[in-house]
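Remember, predicted model here, so these are calculated numbers, not experimental data.
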Amino acid sequence: MTVDLLAGLNPQQRAAVGAGDGPVLVLAGPGSGKTRVLTHRIAYLCQDRRVYPDQIVAVTFTNKAAGEMRERSEQLMGGKLDGLQIGTFHSICARMLRREADQTAYGREYAIYDTDDQISVMKQVLAELNVDVKKFTPGRVLNAISGAKNELIAPEYYAPVDYFGEIVHRAYPLYQQILVNNNAMDFDDLLMQTVFLLRDNEEVKAKYQRRYQYVLVDEFQDTNQAQYQLVRLFAAPQENVFVVGDEDQGIYAFRGADYRNVMQFRSDYPQAQVILLEQNYRSTQIVLDAARAVIDKNLHRTPKALFTDREGGASISLYEAYNEGEEATYVAEKIRELLRREGYTWKDFAVMYRTNAQSRALEDAMVATHVPYRLVGGVGFYKRQEIKDLLAYLRLINNPNDTVSFRRIVNVPGRGIGKKSVETFHAWATSLGEGYGVALGQMMQGVVSPLTGRAVRSLIDFGHMLADWREIAAQGDLSALFDAIVDSTGYVGYLSEISDRDEQVTERIENVQELRNILIEKKDLALGDFLEEVSLVAEVDTLVDEQNTVTLLTLHSAKGLEFPVVFLTGLEDGLLPHSRSLNEADAMAEERRLMYVGLTRAKDRLYLTYVFRRMMYGESIPSVPSRFLGDIPTELTEGVSVRVSELRDRDAFQRMTSWEGGGSRSGSASSKIIQFPSNRAPQPGSPYRVGQRVQHATFGEGVIQEVERVSGDIEVVVNFVKAGTKRLSTAFANLKLLD
């Protein structure tokens, strides 16, 4: 029975599903039904165009998405679509490489190495090269090689630009040769080797280009260079390539994705039909208008006039909390209020944030107010490796006979006490009938043990450190104790050893700083009381009801999800946009896309929160509201603070006084300048001015962005090279002028 596959679709969706042959680019705004379009397109090709299912290949990014696409396509057709290829890039490539093994350097039964396997191989390589693995970790080198493979750079073409690049240049060919010798590939090889096979082997290329008459690609903005080239090779020469994506939702540059592939597609296929899906089936018009106001500031994109039948809607709530603790409490209490007043369930709420470290205050508030929650796309704050390590140090200081904590950190960071030495120490302590703390004390006093040499010296040194820390703990200063542990062990340097990417190092350092912030907040607690409180919070992670809980997640984990009520928290310069992005145009554009993705997850209600002061680097520092808040029109929001109003006024002033503002270009430049009260103006009697370089004892070097007189004090906004944007009182900041 024939089904009308265009029935029930809006005009833009019908145009996409029923498009003729040739390249088609569907730019699908958030919530616009792109999965529906893809599945209807597959069914339409099979039913209305009489295309055999085995002539169609549809590619997406997750096995779950591929399974859903197949299931929905077959439901539309009323039965199985035998031969239809739907899968991830990696799964489709893996099957092809097995079929064509005779044409490659690999056997048909090649292995696919996971991360642990790759680390093992890289350790072997770095040992052969006599490389210091503490300075150049296997994970970091592998991450660089992964980036090269995603750009289709073979070992012989890798060009180093610095000393680390030279290490990669030497390691890459050795690593690759070991994989070939072991008849193994890593995940990046699956893509790269398939591109090389199709590019260099005319017979194989012709075979698959005859087979794949129609190519469909989901989430096209998330493709990297290797995946883009695969799409082009699959689609030639028929060029029946149908890609669905949205450059406004390209947020995975750190994984190698390049949203510019959308623009590259239009360049490579100038004859392509371009169809915009602009009708949204998720959010209210107020939410969409706010999202558009934010994303419209980005360049190099296709404007979309997002609209919905859900006209109006609740105003977007802006809330300025005093600090992150008050912000988290506000979110938890607002959730309970909406649950009680409007009949929502726990699972209707999502709380989003830019960095994993921000989850800590939210988790604490959820526990304190008895709100069940689950963490998506990350590990609970108290379950992260670096947090568990440092808490183990604190537990061992509090209880010298804590064997679990002792075993966890006695050789973290490495101090030459291996597993065998630990087991020998355990057996000796047991034979004495003593706990670890007493046994270690006896060893420090010269009692003979079965251990010898370096292990004994290292354990004695470790014992002396524990004794020193206990003296600090006895004084009751938890933050001083924490600083002593981190400094004595060199723990921050150790984070570079166990991390694969610079971003991962930064995130872990942020988590360590957040733990220090907690200790400062809890300064009135004894060490034992603090550890008890933390244990109760950490344990909740395993007790929540997975089926009906509030969802806590990072913005990177939010794409593809939707919730009736969304809270976007920590909306401050330095967090969103992140401090690492403030001086790079491309990075700033991606931060704006992250904000856009977060806004468009909301169906009914949207709450945007930020704080007046945030604990950073152990200090409570005045924050600057995110510049993105200033983009959202006043009429869409309620609860606007003076500081957000200033952002909007400043933005309007800049538009009126700049050539990029879209106004008339007639007359002289000076005729466009309107005198306007601005906190960028020099303040009488102040030595500070915009553009000056300054030095701060904690934050390092930075450049003044704004100068403002507040209640007799001069406050400055400084963009620090390493610490990001900070608002500081010049009376207390002790800034040193470098200009």
(request) Could you go through the side-chain contact (heavy atoms from CB on, under 4.5 Å) check for Phe307 and Leu288 one step at a time? (result) CA-CA 7 Å; Phe307 69 95; Leu288 296 181; 5.6 Å; no
(request) Starting from the C-alpha separation in whole Å, work towards a yes-or-no answer on side-chain contact (heavy atoms from CB on, under 4.5 Å) for Leu394 and Ile485. (result) CA-CA 9 Å; Leu394 293 172; Ile485 294 169; 3.7 Å; yes
(message) For a ring-ring contact (aromatic ring centres under 6.0 Å, His included) check, start with the C-alpha distance between Tyr319 and Tyr607, then their side-chain angles and the critical distance, and finish with the verdict.
(response) CA-CA 8 Å; Tyr319 181 78; Tyr607 292 82; 9.5 Å; no
(request) Show your reasoning for whether side-chain contact (heavy atoms from CB on, under 4.5 Å) applies to Phe567 and Ile335. (result) CA-CA 10 Å; Phe567 292 81; Ile335 288 172; 3.6 Å; yes
(request) Check step by step if side-chain contact (heavy atoms from CB on, under 4.5 Å) holds for Arg516 and Val486. (result) CA-CA 10 Å; Arg516 186 179 189 275; Val486 172; over 6 Å; no
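Around the CD atom of Glu337, the shell of radius 6.0 Å holds more than 12 heavy atoms that belong to other residues, nucleotides or ligands. With a 6.0 Å radius and a threshold of 12 heavy atoms from other residues, nucleotides or ligands, Lys347 has its NZ atom at or below the threshold.
Thr308 and Gln285 are not linked by any side-chain donor-acceptor pair at a separation below 3.5 angstrom, with hydrogens and angles left out of the test. Checking Thr369 against Arg336 by side-chain atom types alone, no donor-acceptor pair falls below 3.5 Å. A side-chain N or O of Thr345 and one of Asp348 form a donor-acceptor pair less than 3.5 Å apart. For the residue pair Arg354 and Ser626, no side-chain donor N or O sits within less than 3.5 Å of a side-chain acceptor on the partner.
Asn280 places a side-chain N or O within 3.5 Å of a backbone atom of Pro30 that can act as its donor or acceptor partner. For the pair Arg605 (side chain) and Val565 (backbone), a donor-acceptor distance under 3.5 Å is absent. Side-chain atoms of Asn719 never come within 3.5 Å of backbone atoms of Val703 as a donor-acceptor pair (strictly under, hydrogens ignored). Remark: the backbone N or O of Ala602 is paired with a side-chain donor or acceptor of Ser283 at under 3.5 angstrom. Without hydrogens or angle criteria, Arg301 side chain to Glu247 main chain gives no donor-acceptor distance under 3.5 Å. In this structure, Thr637 contributes its side chain and Thr634 its backbone to a donor-acceptor pair below 3.5 Å. Not a single donor-acceptor pair under 3.5 Å links the side chain of Arg614 to the backbone N or O of Ser623.
Under a 4.0 Å N-O distance rule, the pair Arg613/Glu572 does not qualify as a salt bridge. With respect to Glu363 and Arg360, no salt bridge is recorded, no charged nitrogen being found less than 4.0 Å from a carboxylate O. Using a 4.0 Å cut-off between charged side-chain N and carboxylate O, Arg592 and Asp248 make no salt bridge. Taking the charged nitrogens against the carboxylate oxygens, Glu562 and Lys603 do have a contact shorter than 4.0 Å, which makes a salt bridge.
One distance of note links CG of Asp477 with CD1 of Ile472; it measures 8.5 Å at 0.5 Å rounding. To the nearest 0.5 Å, atoms CG (Leu575) and CD (Gln358) are separated by 4.5 Å. One finds the OH atom of Tyr353 at 13.0 Å from the NE2 atom of His556 (value rounded to the nearest 0.5 Å). To the nearest 0.5 Å, atoms CE (Met352) and CG (Leu608) are separated by 11.5 Å. With rounding to the nearest 0.5 angstrom, the CE atom of Met615 is 8.0 Å from the CG atom of Asn323. For the atom pair Asp586 CG and Glu591 CD, the distance stands at 12.0 Å (nearest 0.5 Å).
The closest side-chain heavy-atom distance from Trp469 to Met465 is below 4.5 Å. Put simply, the side chain of Pro400 does not reach to within 4.5 Å of the side chain of Leu466, judged on heavy atoms. Asp246 is listed as a side-chain neighbour of Tyr596, based on a closest heavy-atom distance under 4.5 Å. Side-chain contact between Thr554 and Thr355 is absent, with no heavy atoms from C-beta onward closer than 4.5 Å. Using a 4.5 Å heavy-atom cutoff, the side chains of Glu497 and Pro413 are not in contact. With a 4.5 Å cut-off on side-chain heavy atoms, Val367 and Tyr373 count as touching. Inter-residue side-chain proximity for Pro577 and Met595 is flagged as unmet; no heavy-atom pair is nearer than 4.5 Å.
Looking at residues two or more places apart in sequence or on another chain, you find a ring-ring contact (aromatic ring centres under 6.0 Å, His included) between Tyr491 and Tyr494.
Taking all atoms of both residues into account, the shortest heavy-atom contact from Leu375 to Ser359 is CD1-CB, 4.1 Å. In terms of heavy atoms, Leu481 sits closest to Ala473 at CD2-CB, 3.9 Å.
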